[in-house]
Amino acid sequence: MGLLSRKATCNSHGQDSSYFLGWQEYEKNPYDEVKNPRGIIQMGLAENQLSFDLLESWLAKNPDAAGFKRDGQSIFKELALFQDYHGLPAFKKALVDFMAEIRGNKVTFDPNNIVLTAGATSANETLMFCLAEQGDAFLLPTPYYPGFDRDLKWRTGVEIVPIECTSSNRFQITASALEEAYEQAQRKNLRVKGVLVTNPSNPLGTTMTRDELDLLVNFITDKEIHLISDEIYSGTVFSSPAFVSIVEVLKDRNLENTQVWERVHIVYSLSKDLGLPGFRVGAIYSNDPIVVAAATKMSSFGLVSSQTQYLLSAMLSDKKFTKEYIAKNHKRLRKRQSKLVAGLEKADIGCLESNAGLFCWVDMRHLLSSDTFEAEMELWKKIVYDVKLNISPGSSCHCSEPGWFRVCFANMSEDTLTLAMQRLKSFVGSIASKDRSHQELKNSRRKFRTKWVFRLSFQSFHDREQDER
Amino acid sequence: MLSSRASCNSHGQDSPYFLGWQVYEKNPFDQAVNPTGIIQMGLAENQLSFDLVESWLRKNPDVMGLNKDGESVFRELALFQDYHGLPALKNELVEYMAKTRGNKVKFDPKNLVLAAGATSANETLIFCLVDPGQAILLPTPYYPGFDRDLKWRTGVEIVPVDCWSSNGFRITMSALADAYRRAQKLNLKVKGVLITNPSNPLGTTMTRDELNHLITFAIAKNIHIISDEVFSGTVFDSPGFISIIEAAMDPNLESPDLWNRIHIVYSLSKDLGLPGFRVGMIYSNNETVVSAATKMSSFGLVSSQTQYVLSNMLANKKFIGKYMKENQKRLKRKKEMLVSGLRKSGIECLKSNAGLFCWVDIRRLLCSDTFEAETKLWKTILWDVGLNISPGGSFHCSEPGWFRVCFANMSHATLQVALRRIKDFVQRWSYGGGIGNKISYQQNMSNLNRKLPSNWVRKLYSSEGDEQDIG
């Protein structure tokens, strides 16, 4: 008998992946403009650090919100005691209004259907506990957020079966990919309970098209399974096409109050839009009252601090502020993304065209020594250790094609981004010149074999030639 | 369609413990607005020392405003989601925990894992130590929430260790052995014992003998000990508190890898009265447990905003020292008020020195020595007397007739009202031949008034209809 549980001693927490290992390397040698200018620049962390000044300024103008006061009166005792898993009503109301605002007010949400949790990490796991048994499966389009391997599977015992998406159609979900994934699950004797999508996508940075969403609705209707739409990046959509929420699609197809309506669940969080991952504010939204009831009880295992609920209910109720924040935040994200894209272009690197998120999905296939994941790892290690940029390799996101990397842009200053792009450009340049010299070496050897006398232009080649002999 | 977890009721929330709260919510007592409402005596909250915490916060506005030395630390905190926790908070917590144990033990912040409340800490520990279908032993009576926290999502079983009033509900070697045998008969592999010390609902601290029995047993069976010490800061009377860590330091009980199998759960919800802030923790000397629990804490991290405020408060040693002393004083006073008030009604409590409640012996009011009679009595007390107290059956007590009655979540005045209602009820019970006669509280009040001389009636009721003048 093991002393500890299997969960504690296995490594199905998924944290041995390169996604997390890259962070560890960064921690050992973190870049700092002044103290460590040759350190590793963190480009593997999807955080939004661009709009703190707006939050800080609101906080400074509204000290009561953090000071446990309402209309000048102390409500400390009330908050200190408030552990009701139904959540602070004022906060839930403000949160659903904010969610609606992000969706252009094309849909509305009922605060009675929302369950607060300690971050989206907790929300996703809780939904798994509510919808699936140990050994059941959820289908996830690849590439997907590496954390899901821990969040959805570790303690729940649920399996993930990938829906393979490829660059041939910009990684969009197709009907055949869905069917193939479903059949693969069946071949493995896994009962499929649902599909989980991230929209906007992490790591792609794209919003799903209406066609994709329609496809999903048709699929889950046909198979009678659930759909979880992780919409934590919904507030980071900075350019067209506009964000279309799954709820909007259901509404437009008059599917409200049908069975499929009750099988669609949304996960949200304030970690990406407002840049507040430390405050642990996540939510599950569901139209199924049994899911809401069960998830509410389960939220006991990860309630949001009442102190934080109160602060954010005040902030999100300030509609003037939320309007201004959403607009400015979008502008800054768009600008920063453009800078990254332009910087990459200068290094002859392209990325998937994106309109959302805090990262770009970057195409480095042409830099691989071979079209394999080994070559991708080789390239990744060079970029982390030699170029000193922590970017995330596509394999850690379960991408089916090697050579794609997720590169974050919203967690650093403009200067740092500029430096990162310079480093990348130099790196690509050095590979190119190595390639050129390697190519010329091959050419010259051929010529040398045919002609004895040949004046060589590269000293290095001359040296190598001497060695080979 | 949904999981069995979502559609069954093994979340354990259909017990009277929780149902009583619901009834209270529909008709809550308020001295001014609803004086005949139900008084909540089923909620183990410490509301006696808020003024102290509030006063500290008022004197430290920078902390609440997320400033440090005049500079905003908002950004740093907003981004801080490291599951290793804010180092400043962990350093303060281990010192605070040591202080609560008279500094007889020391804790290493590296062995501390933060969690969103003890609820999260307990579940996480079970996920780390026990596989689905295996079991842990729990002495009865135990906190009803454990049926949800330890079993629901983990798939683990609880096998009770029966304790009896004959020896003050103390854990005995034979009770432990008996529980272990029962588990074996049910084909359940026992992975550990979970104790709550000080005990909820008993309000007592474990004796050294009990702790030694436990440790001897755990060594013999090669199992874990989880010591839920959430009430360790509420010990207001002698004997002092002996933590499992202190007991395990006894050289006579040495065992090479015992230290790897002892784990503590703690929280700031009871001592500091801050359940809303969700600050719990696991302490373990087992590196693998600390590592796994740390990763699992991702599912219930403590808000960085809260970590910051509390690390500052705990760092103020003068304030904390003053708080601990004063808090204990107030708890003791309130508890003595409850005990003596109950005694005046002929009701005794288990002698206690800790916690936010008393374990009350109402066996003599049962119409029969059964749990059905206990439930009947509970309903009468809830609906007719207007007090939400928690019946022993919901704590898996093996003997009917015991109730947990909380005292730290109300004012002096409210406690007086509650005691008066109990006194009246017991009187009615004596006159009326048991609780067969279901008389409503209001009706009984008018009955009592008819029995009293008319000039007394005038004195009894003030112009606001306040009943507090009644003896």
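Values below: all heavy atoms of this structure, side chains included; hydrogens, waters and symmetry mates excluded. Per chain, numbering begins at 1; letters A, B, ... match sequence-line order. Since this is a predicted model, take the numbers as computed values, not measurements.
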Sub-3.5 Å donor-acceptor pair from the side chain of [X] to the main-chain atoms of [Y], do we have one?
{"X": "A/H226", "Y": "B/M1", "answer": "yes"}
{"X": "A/S5", "Y": "B/F127", "answer": "yes"}
{"X": "A/E56", "Y": "B/S72", "answer": "no"}
{"X": "A/K297", "Y": "B/A6", "answer": "no"}
{"X": "B/H224", "Y": "A/L3", "answer": "yes"}

Non-hydrogen atoms of chain B under 4.5 Å away: do they reach the side chain of [X], the backbone, both or neither?
{"X": "A/L59", "result": "side chain"}
{"X": "A/V291", "result": "both"}
{"X": "A/D288", "result": "side chain"}
{"X": "A/Q309", "result": "neither"}
{"X": "A/L311", "result": "side chain"}
{"X": "A/F279", "result": "both"}

Closest heavy-atom contact between B/L274 and A/F76?
->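 What the structure gives for the nearest pair is CD2-CZ, 3.7 Å.
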Which region of B/L57, side chain (C-beta onward) or backbone (N, CA, C, O), has a non-hydrogen atom less than 4.5 Å from a non-hydrogen atom of chain A, or is it both or neither?
->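 For B/L57, the side chain is the part near chain A, not the backbone.
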Of the backbone (N, CA, C, O) and the side chain (C-beta and beyond), which part of B/V309 lies under 4.5 Å from a heavy atom of chain A, both, or neither?
->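 Interface part for B/V309: side chain.
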Mind ranking B/S3, B/P275, B/S291 by heavy-atom pairs under 4.5 Å with chain A and telling me who comes out on top?
->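 Top option by heavy-atom pairs under 4.5 Å: B/S3.
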Compute whether any side-chain donor of one residue and acceptor of the other, for A/S305 and B/Q305, lie under 3.5 angstrom apart.
->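 Distance-only check fails for A/S305 and B/Q305.
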